[in-house]
Every structure is written in C-alpha cells, then in structure tokens.
Amino acid sequence: MAQRLRYPAAVRLRRKREYERVFREGVRVRDRWLKMVVAAREDPTLPSRLGTAVSRKVGHAVRRNRTRRRLREAFRLERPALPPGLDLVCIPLPETERAPWEALRESVRNLARLGAARLARRAARARAESGS
RNA sequence: AGAGGGGUUCGGGCCGACGCGGCGCCCACCCGAUGGCCGUGGUGCGGCGUCGAGGAAAGUCCGGGCUCCACAGGGCAGGGUGGUGGGUAACGCCCACCGGGAGCGAUCCCAGGGAAAGUGCCACAGAAAUCAUACCGCCGAUGGCCCUGCUGCAAGGGCACAGGCAAGGGUGAAAUGGUGCGGGGCGCGAGCCCUUAAUGUAAGAGCGCACCGCAGCGCUGGUGACAGCGCUGGCAAAGGCAAACCCCACCCGGAGAAAGGCCAAAUAGGGGAGGAGCGUUCCGGAGCGUUCCGGGGCGCGCGAGGCGGCCCGUCUCGCCGACUCCCGGGUAGGCCGUUGGAGGCGUCCGGCAACGGGCGUCCCAGAUGGAUGUCGGCCCAGGUCGGCGCCGCCACGGCGUCGACCGGACAGGACCCGGCUUACAGAACCCGCUCUCGUC
RNA sequence: UGGUGGAUCGUCUAACGGCAGGACAACGGACUCUGGAUCCGUGAAUCUAGGUUCGAAUCCUAGUCCACCAG
C-alpha cells in the first residue's frame, strides 16, 4: 500500500511574508491551464508547499472556491511525484475551472518540475559567476 | 374543463474510497540541564467519534445591537422620511384602514403633505401658459363724425371714434369646470293669453333653473386619514410641475470588528529596587612579630534562577558585581471579541392582522491565504430522440410502455441580528379566491 | 472589507428638463501623374430596466461595468 496522501497545514503557505518571498524570488512558468510561481525553500530537504492566488477574473466566489479546491486536490495527489524543497504559488486562469481533471494534475506536476529545473540552472549560474 | 389571482414550504436523495476545518476522547512527543504527584498548554503527514454554508450566505440600500471617540443646553448648516392608525429594539420594513388609478372580477399598483408663503419653469404651436384680460372678433342701442334731406328737427344710410359684449378664435400635454333645458297659442307687428323655475338685448351673455363637479360653513359617524347629509355660492376665487428651488412636520453625533481589549519572544533603549558573610588553608607583598593588603582553593551560610503549584534532591551564578529582579512603553507573534441569539420548533392565550405574552423543548458552521473537494455506483424531478399499443378522420395531440442520450438553477459565511432589493432550473401544498364554458 | 466618483458616435469630449453639438478617426467626392496637406459632403452615440413629467442624456429607484481612496 502506498503512502497515504494527506494535505496538512505544514505543506501550505500561510503567511503574507511567505507569499511575498515566493513572488520576489520565484520563477514563473505557465501552460494553457495554469500559471505558477516556483521558489526554493531555505532547506531543500523540506517538503514542498502550495499556495494559491485566485483573482476575481476567474469568476464569482463559488467558481473561485471550486478552482482552488481542485488545485489543492491535484497538489495532494501529485505530492509523491513532486520535487521537494519548493514553494509553489498557483495562479489560476479563467479557463482553469474548465480544465479536465487529468490535465490539471498533469499541469501541476509538469509546472513544478519545470520550475525546479529553472531554479537549479539559475543557482548554478550564480555559483559560477561568484566563483570566477 | 380551461384561463387567471393570492399565499406557504422545499430547492435533489442514498451509498462507498481518499482528503479538509471545529469540538470531544485516546495515543505519542514537547514545554531546555534529575525524579515524583497534580495541573495547564503546545505539537503530530497518529487513531476514533461527532458536527460542518444560503434562501438568497449576494448587492451593501436602510435600521439596530456591540466597540471606541466626541458630547452642558439650544439653534444653524447638511442628510433622510412624507395619507392615517398600529406593530417593532429600530427602520425608508410589516399589518390594517383611508384616498386615487387599472381590471368583467378575484385582486393588483401608487415618494400619496403643502401650488389661496414666496421664487422659478411650462419649448414648439397658440390671441393668451397665470397676467391685466390685452389681441382678432361681434355690436355700436346711447353719445360722436360724415352723407341723403333747401335749412333745422325727425327719419334713413354709413364710419367703427368713444363705448359696450365676452359667444367664437385652426393650437396645445394643459385654456378659467361640465351637461341639459329656457315651452305653447293668437297676431304682419308692438303685444296679449295659457302654462311655467324659465328671461333678456343693439349685440350678447357669465341671465334663469336642474344635475354632476368645485369651494365655504354646519351637523352626524370615526382615535384618525376621511366619509355621509344639509345649507350657501354673480364658481372672472384656486391651470400644471415640489423625484425644480422651497415651506411644513418628524427623524439623524462620528467611525467601524482590520472596531476594540489582553498577553507578549529576541534586540536596543527608559525608570526603579536588592544584598551577608563566616571559618580554614595556600601564594605574593608590607612587617621583628601580633597584624594588615591583594589573589586563589575547600566547607558552611545567604540570595537569585532552573515554564505553573508542592515535595525531595541537585545544578549554575553571585555575595560590592555593568549580578539579579521588578515596573512601564512597545515590534514580530498569539489570545479574546467570535458565536446562546430581538434564536429555532411545538402548544395555549390576546389581537381582523403585523405582532405580543405564557409554558415546554432543542443547541444548530466558526474559518483567518480563509475549511464542503476529488473519484465511483444507484435512485428520483425533468428534457430530447426513436420503436410499439390504445383513443382520434388527418396534420397533430393525449395516455401507457420499452430503449438510447442529456441531466440539475442562482449561488459560498467572515462580528451578529431585523428588513429591502436583485439572481434563480424546477417541485409540492393550501384558498369558505375570481372569470368563462359544459353536464346534471 | 469599508468608502467615493463615473459611464454620451470607433476615440477624446460638450449640451438652463425642450431638435444630442464639436474635434480626431472612417467612408465618398473635388484638387494631383500618385500620395500627403486642403476643401465639400455622408454615416455613426446618451450602459440596462422601471418611474416622475406634456416631454428625461439630465430628476428618482434598482441593476451592470469601470476607476479611485483607506487598511
């Protein structure tokens, strides 16, 4: 039996400061269903965390809530497949609510991996410049 | 049977797997430096149980509760409300009634005070838009002028000067209230007679009468808005607009839960308080020595601290030291406010009703980057298409049945409550509500 | 969350309650070998729904959308 898939408070972004750090330091990635900002946590061994930023452009309150809940569910189920040590802020588009369920899970997984790769490249470049 | 009217309630249901938030119980760990008992708090990618959005949670349009600030009293300014009487904590809400309007009707709609306090506006058209009645018009008996007439008078004709009249004036949303009647007979005529409330002139009428309307006064009924009745009135006194300014009556202090209150790490800084040493021994110095000065070790004692309380024990630090403690401000952060309330349900009583009162019973979301989601199965409103059967002359429609597909509207709490407004697939029920048609 | 203001041709803007005007843009024509400039002309709008009024872009009510302010 695989590990139980939980979504505890420890893997959620809960502070304005945390969001501000992600927006300040993170890289931005997107596909046709979703935008995402990815930043590295201080300790890369800690589990990745999720935050959401749902604009009023997405729709009225019911649509915004449904979109956020689907995103959280996708994050919960995809957590074993995600790289650790990341803070993710998902920014839904108006189309996100209509995205098929499997496509949404795939977007979360791929965007997180893409963001992690770009972060690694940026860190390597920074080390090279400071070293030379 | 069809077409309507009013009102009430609901707004998908059941099951499984995983997940989320609150609360309760259990477990583990922590709350620094040992243990015990009690207590309290925290953490958990531990477990179990239980509860977990709406009728509009929405818009934020009114009214209150609550909190802080301001405040002698009164007025001005500003804003709001606007038939009357009640209900209510209060309201711009609700109920009943009054008045007006729509409808055959059940019923529905109305910001519904004041236009005889003032100001303003009423385009175009029209004589004229509130102001005298001017203009066009009609008459011109009476007076004036001119002509006819030999002259004057009388008489006749003309002018429209004075003067009189107020019917009519295409318009316009709106024009100073509307409608009806003012008779009959004889006579060429003045006139007379009859009947009548019924004339009069040069022309006419606003003249006369009746009814409706309007206004004033009085009486009666009603708490009142108002209604009914009667009398009076040369209706030339009073056109419309106040969601135009305004007047009148009544109401309103401001800000809002990110209100407001409490606890408070680290760092820096502010204010204040506290103290007790003794014995022994070693080293160095002064010194003949008792002794004195400085430093160290050990023991005892004292003080402080080791999350809350107590106990046993222990550790660290200090004993004239930038040591310890206390106080206040205050940041990060946390807690309270924060859900039990003008509460729901049932029942009895009062009231036409809104609603009020008594009794019983129930506890029903409390998040704080913000909890209801994902996946699957079944059922039920309902819709579309197709097949079959029955009714039916057919188009088509109705009923029954089978299959396939689609398949739930508007919409998410953020301090709470009473309303209003707006959005909404549908469903069920009630009416001693109405109209039309048919049958008995 | 609380509060304030606004919406008029495609764009920017006017309009005491009385025919919605102007500029730029667009289109057509003239001028030119062609284009530009210039001249003449044309079409095009009161956010939506009710109400007050004889009459509403204007006044009132409700809704939709946008902008701004405080934190």
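Chain letters run A, B, ... following the sequence lines, proteins first, then strands; residues in each count from 1.
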[N]: syn or anti, per glycosidic angle within 90° of 0:
N      : result
C:U61  : anti
B:A395 : anti
B:G397 : anti
B:A381 : syn
B:C364 : syn

Under 3.5 Å, is there an N or O donor on one side and an acceptor on the other linking the side chain of A:Arg72 and the base of B:C20?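 No such pair is found, so the answer is no.
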For the [atom1] atoms, the ones on [N] and on [M], what distance do you get once it is rounded to whole angstrom?
N      : M      : atom1 : value
B:G357 : B:U88  : C1'   : 15 Å
B:G39  : B:U316 : C1'   : 28 Å
B:C214 : B:A237 : C1'   : 11 Å
B:G92  : B:G85  : P     : 14 Å
B:C150 : B:U201 : P     : 37 Å
B:G240 : B:G73  : P     : 46 Å
C:U46  : C:C12  : P     : 16 Å
B:A123 : C:C16  : C1'   : 12 Å

Common cluster, [X]/[Y], ILVMFWY with side-chain heavy-atom separation under 4.5 Å:
X        : Y       : result
A:Leu13  : A:Leu86 : no
A:Val29  : A:Val37 : no
A:Leu93  : A:Met36 : no
A:Leu104 : A:Ile91 : no

For atom [atom1] of [X] and atom [atom2] of [N], their distance in whole Å:
X        : N      : atom1 : atom2 : value
A:Asn65  : B:C20  : CG    : P     : 18 Å
A:Arg76  : B:U372 : CZ    : P     : 11 Å
A:Glu73  : B:C375 : CD    : C1'   : 9 Å
A:Glu102 : B:C375 : CD    : C1'   : 10 Å
A:Arg64  : B:G369 : CZ    : P     : 16 Å
A:Leu104 : B:C375 : CG    : P     : 10 Å
A:Arg79  : B:U374 : CZ    : C1'   : 16 Å
A:Arg69  : B:U374 : CZ    : C1'   : 12 Å

Taking every non-hydrogen atom, the tightest pair across [X] and [Y]:
X        : Y        : value
A:Arg21  : A:Asp87  : NH2-OD2, 2.7 Å
A:Ala81  : A:Arg113 : O-NH2, 3.1 Å
A:Trp101 : A:Ala74  : CH2-N, 3.6 Å
A:Arg118 : A:Arg28  : NH1-O, 3.3 Å

Using OP1 and OP2 only, check whether a side-chain N or O of [X] sits under 4.0 Å from [N].
X       : N      : answer
A:Arg68 : B:A371 : yes
A:Arg12 : B:G21  : yes
A:Arg14 : B:U368 : yes
A:His60 : B:G412 : yes

Taking the minimum atom-to-atom distance to the side chain of A:Arg66, which one of B:G369, B:U374, B:G412 wins?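 Output: B:U374.
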Which nucleotide sits closest to the side chain of A:Ala10: B:C45, B:A332, B:A371?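 Selected nucleotide: B:C45.
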Nearest heavy atom decides the nucleotide; on that basis, is A:Ser48 or A:Val89 closer to the 5' end of RNA chain B?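 Between the two, 5'-proximity favours A:Ser48.
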So, are A:Arg76 and A:Glu73 salt-bridged, with charged N and O less than 4.0 Å apart?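 Salt bridge present between A:Arg76 and A:Glu73.
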Whether A:Arg66 and A:Glu97 form a salt bridge (side-chain N of Lys/Arg under 4.0 Å from carboxylate O of Asp/Glu) is what I want to check.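 Looking at A:Glu97 and A:Arg66, the cut-off is met.
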Verify whether one side chain among A:Arg68 and A:Asn65 offers a donor that lies under 3.5 Å from an acceptor in the other.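 A pair is found: one side chain offers a donor N or O, the other an acceptor, under 3.5 Å apart.
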Complementary nucleotide for [N] - Watson-Crick or wobble, under 3.5 Å:
N      : result
B:U220 : B:A227
B:G366 : none
B:A127 : none
B:G413 : none
B:A162 : B:U142
B:G333 : B:C263
B:G78  : B:C252
B:G389 : B:C399

At under 4.0 Å between heavy atoms, what does [X] touch on the DNA or RNA strands: base, sugar-phosphate, or nothing?
X        : answer
A:Arg105 : nothing
A:Ala74  : nothing
A:Arg15  : sugar-phosphate

Could you run through RNA chain C and flag its stems, i.e. three or more consecutive Watson-Crick or G-U pairs with both distances under 3.5 Å?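 Paired runs of 3+ in RNA chain C: C:1-7 with C:64-70, C:10-13 with C:21-24, C:26-30 with C:38-42, C:47-51 with C:59-63.
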